[in-house]
Amino acid sequence: MKQYYIGTKIVLGLAMTRAEFLRYIDRAIDPNTSGADDGYMVEYTDGGAPNHPDHAGFISWCPKAQFESQNLAIGDIGHLLPHQQRVIAELEQLDDRIQKLELFLHTELFAGLPEDEQQLLKMQAGAMVLYLGILNTRTAKFA
């Protein structure tokens, strides 16, 4: 049976080319490629055995387009406790979803939905904004 997943890990991403990453981990660059493609060194900070002596978590490299389509920037939160980091991540994800839903509410596709579905989506947006306010209040106390 097929099983789909959605990623929710907090990762550290440092912009670097593939060649820079390979030099960093002391591996040879494939002579058939330039290694100039943009991407990110990714460190999984909440799990995974370290595979480099200078890192506490597992590191790998990811192409820029793939990384940026799958990850939402949440700022420098390394100084916060793990549960606080998760609240910040939740807040940023929720804010991103609200923005996308608000845009959708002004599309022809939304206008073509049955009235009851439109009302449910508007109610959902309102509930999400209320929830965002609660998360903002909580995170303001993290300082």
Side-chain angles (χ1 to χ4, degrees), residues 1-27 29-30 33-143:
M1 173 178 93
K2 285 187 180 179
Q3 180 67 36
Y4 292 85
Y5 298 86
I6 184 165
T8 57
K9 285 190 167 283
I10 296 174
V11 299
L12 172 65
L14 300 172
M16 64 175 61
T17 65
R18 182 187 307 264
E20 291 169 331
F21 176 73
L22 290 171
R23 277 193 293 277
Y24 181 76
I25 62 170
D26 201 25
R27 289 224 178 120
I29 299 169
D30 183 342
T33 65
S34 71
D37 43 337
D38 291 329
Y40 289 83
M41 179 185 75
V42 181
E43 181 175 357
Y44 297 90
T45 57
D46 61 349
N51 61 340
H52 189 279
D54 296 333
H55 295 271
F58 183 86
I59 64 169
S60 64
W61 186 84
C62 185
K64 180 180 181 177
Q66 181 182 0
F67 180 86
E68 291 179 354
S69 73
Q70 296 176 356
N71 295 281
L72 182 65
I74 58 175
D76 182 1
I77 59 169
H79 62 286
L80 296 173
L81 296 170
H83 75 279
Q84 293 173 327
Q85 291 178 10
R86 288 189 298 272
V87 174
I88 295 289
E90 186 175 353
L91 182 147
E92 294 298 332
Q93 289 172 324
L94 180 61
D95 185 57
D96 183 58
R97 289 178 179 146
I98 290 169
Q99 290 177 37
K100 290 173 181 172
L101 179 54
E102 292 289 341
L103 288 173
F104 178 70
L105 296 179
H106 296 93
T107 65
E108 288 183 30
L109 180 56
F110 173 78
L113 293 174
E115 184 65 30
D116 64 330
E117 184 69 15
Q118 289 182 23
Q119 289 306 312
L120 287 170
L121 284 166
K122 289 177 185 177
M123 290 169 58
Q124 177 181 330
M128 291 167 74
V129 169
L130 177 63
Y131 182 25
L132 183 68
I134 294 167
L135 292 178
N136 275 317
T137 301
R138 288 184 63 204
T139 59
K141 297 178 182 220
F142 291 168

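The figures that follow rest on heavy atoms only: side chains count, while hydrogens, waters and symmetry mates do not.
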Taking atom CG of Asp26 as the centre, does the number of heavy atoms from other residues, nucleotides or ligands within less than 6.0 Å exceed 12?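 Incorrect, the count does not exceed 12.
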Kindly compute the distance separating [atom1] ([X]) from [atom2] ([Y]), expressed to the nearest 0.5 Å.
| X | Y | atom1 | atom2 | value |
| --- | --- | --- | --- | --- |
| Thr45 | Ile10 | OG1 | CD1 | 6.5 Å |
| Gln84 | Arg86 | CD | CZ | 10.0 Å |
| Thr17 | Met41 | OG1 | CE | 12.0 Å |
| Ser60 | Tyr44 | OG | OH | 4.0 Å |
| Ile74 | Asp95 | CD1 | CG | 12.5 Å |
| Ile88 | Arg138 | CD1 | CZ | 9.5 Å |

Using only atom types and a distance under 3.5 Å, with no angle test, would you say the side chain of Glu92 pairs donor to acceptor with the backbone of Ala73?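 No, Glu92 side chain to Ala73 backbone: no donor-acceptor pair under 3.5 Å.
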Is it the case that the side chain of Gln85 and the backbone of Ile77 share a donor-acceptor pair, with hydrogens and angles ignored and the cut-off at 3.5 Å?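 Present.
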Looking at every non-hydrogen atom in both residues, tell me the closest pair between [X] and [Y] and how far apart they are.
| X | Y | result |
| --- | --- | --- |
| Ser34 | Ala19 | O-CB, 4.3 Å |
| Gln118 | Gly112 | NE2-N, 4.4 Å |
| Ala56 | Pro50 | O-CG, 3.1 Å |

Check whether any side-chain heavy atom of [X] lies under 4.5 Å from a side-chain heavy atom of [Y], and answer yes or no.
| X | Y | result |
| --- | --- | --- |
| Arg18 | Ile29 | no |
| Leu113 | Phe104 | yes |
| Tyr24 | Asp54 | yes |
| Leu80 | Val87 | no |
| Ile25 | Trp61 | no |
| Glu102 | Gln99 | no |

Any idea how Phe67 and Tyr40 line up, ring-wise: parallel (<30°), tilted (30 to 60°), or perpendicular (>60°)?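 Parallel, since the angle between the ring planes stays under 30°.
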